[in-house]
Each structure stands twice: as C-alpha cells, then as structure tokens.
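Counting starts at 1 for both ligands and their atoms, in listed order. Just so you know, residue 1 is the first one in the sequence shown, and it goes up from there. We use all heavy atoms of the structure for the numbers below, so side chains are in, but hydrogens, waters and symmetry mates are not.
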Amino acid sequence: MLTQLFYNQVIYSDSAEDWQLGFQDPATPIMEGIINLHHDFMFFICGISIFVSWILVRTLWHYQWTKNEYPSAMVHGTIIEIVWTITPSITLLAIAIPSFALLYSMDEIIAPAITIKTVGHQWYWSYEYSDYMNEENNTIMFESYMVPEEDLTLGQLRLLEVDNPMVIPVNTHVRLIITAADVLHSWAVPSLGIKCDAVPGRLNQSSLFVKREGLFYGQCSEICGVNHGFMPIVVEAVSLPNYISWVANKLSE
Ligand code: CUA
C-alpha cells in the first residue's frame with residue numbers, strides 16, 4: 001500500500017490526477033515519442049494560432065465600415081498567394097515526417113520474449129499467458145475485476161484498482177494480443193502509450209516495452225455497456241526475478 005502511494009503520488013504520475021492538463025509520465029519509449037511529437041506539434045500550433053488570430057483581428061479592424069466606407073477593390077496578389085500556398089505545405093511536411101516516423105515505430109514488433117493475450121468482457125478484462133505450462137498442461141489465465149469502492153484500502157485509487165493486475169517484467173519486449181469476447185472494448189493505458197481496440201472475432205496486436213517498475217493504470221476506452229466505467233486496467237511492471245517467481249506461483253495454483 002505504501003509503495004503504491006509512493007509510486008503514484010511521489011515519484012511518477014501513472015494514474016490520472018485531479019484537474020490534470022498534461023500527460024501522465026511515460027514508461028515506454030513509445031509514450032516518450034508521443035509526448036515529444038505532441039510538443040513538436042505544439043510549436044507549430046502556437047505559431048499558427050497567434051498568426052491567424054492576428055490576421056483576423058487586423059482584418060476586422062481595417063474593414064470596419066465606419067473607418068473605411070469604400071473598401072479596397074483589390075482581389076488578387078501573386079506574391080501573397082505563393083506565400084500562403086508554400087508556407088503551409090512546408091509546415092505540413094515538417095509535421096508529417098516525425099509523425100510517420102513515430103507511427104511506423106509504434107507498429108514495429110521487435111522479437112517479443114513474452115506474448116500476453118488480453119480479452120475484454122462485459123465488464124472485466126482477462127489475461128492469458130500461454131508461453132508457460134505446468135505439469136497438468138495448464139497455462140496461466142486469470143480475470144481482472146475492479147475493486148469496488150467499499151473494499152478500497154487507504155491509498156488505493158477509486159474506480160482504477162483491480163484484484164488481479166496484468167504482470168510484466170521491465171526491459172522486456174512484450175507482445176500483446178488484444179481481443180474481446182462479447183462487444184467492443186478498448187485496452188488503454190496512458191503511461192504505456194497504448195490504446196488498442198478489443199474487437200470480438202479479431203486479434204489486434206501491440207507491443208510493449210516498459211522501462212521502469214511501477215503500477216500503471218488505465219481504463220476501458222470504448223463504450224461497451226452500463227459498466228464501461230468499471231472495468232479498469234492495471235499493469236504491474238516488476239523486475240525479471242520477481243516476474244519469474246510470479247509466473248511460478250501462478251503455475252502452481
Ligand atoms: Cu469495456 Cu468499455
């Protein structure tokens with residue numbers, strides 16, 4: 001419980017905060033890339049917003065009828081038209097290149113060491129670790145339900161805590177297979193930079209490489225029925241030795 005408080009309130013922000021405006025702290029290279037791309041775009045967005053507002057205000061000012069009853073009849077200007085065609089196309093190019101670079105790097109699945117299947121249900125998530133098998137030929141499979149408000153202990157997060165989090169090791173390439181058993185759901189964890197639709201009858205794939213230990217909180221992000229808001233996601237990133245003992249424990253259950 002204390003470590004939970006520590007992770008969430010002191011060091012990193014891995015869950016939503018009250019009146020939050022920015023992103024949660026990244027834990028994967030992908031989320032770092034998304035945040036950097038956002039900041040790159042913000043540079044252009046600020047410049048364009050200020051420039052367009054300025055033009056608008058100046059136009060209203062100069063074409064106010066009391067000031068200028070007979071406005072200029074000028075309708076054409078070659079230089080200005082070249083400028084306002086070339087400038088936006090260069091701007092678009094400048095944002096398209098880093099955007100595509102990130103998009104393709106997000107698609108990349110780099111030799112995954114672990115494959116985890118996550119299935120959305122009305123209204124909980126279940127996880128399958130089919131890489132491991134015990135003597136009775138059972139693989140790891142469990143359900144992850146939200147902890148109801150009356151069962152929360154001090155420091156736990158309302159509507160975000162689950163009974164069985166998905167456990168993964170840090171600094172390991174993980175392949176996520178995402179699907180749904182009934183209706184559309186969406187597996188989304190902001191700190192990990194993942195939001196992937198869970199579609200019945202279809203397997204979506206995403207990759208995950210978590211750089212630090214911690215508890216990462218997310219929520220179902222596709223309206224899936226009355227309890228859509230009550231099927232949160234918790235990813236627990238642990239060190240490799242801890243992960244191995246977790247797997248051993250799960251297999252012996
Ligand atoms: Cu499941 Cu929304």
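Vertex atom 2 (Cu) of ligand 1; arms to Cys224 SG and Cys220 SG; angle rounded to 10 degrees, 120°.
Taking backbone and side chain together, Gln122 holds no N, O or S atom under 2.8 Å from atom 1 (Cu) of ligand 1. Note on His228: not counted as a metal contact of atom 1 (Cu) of ligand 1, no N/O/S atom lying under 2.8 Å. Not a single N, O or S atom of His121, from either the backbone or the side chain, sits less than 2.8 Å from atom 1 (Cu) of ligand 1.
Few gaps surround CE on Met133; more than 12 heavy atoms of other groups in view lie less than 6.0 Å from it.
The nearest pair of heavy atoms linking Ile30 to Ser105 is CD1-O, 3.9 Å. Closest non-hydrogen pair, Phe216 versus Ala27, comes out as CE2-CB, 3.4 Å. Taking both residues in full, the closest heavy atoms of Leu240 and Pro169 are given as CD1-CB, 3.8 Å, listed atom of the first, atom of the second, then distance.
For atom 1 (Cu) of ligand 1, the nearest N, O or S atom contributed by His185 is named ND1. Glu222 contributes O as its N, O or S atom closest to atom 2 (Cu) of ligand 1.
Taking the ring centroids of Phe142 and Trp125, they lie at or beyond the 6.0 Å cut-off.
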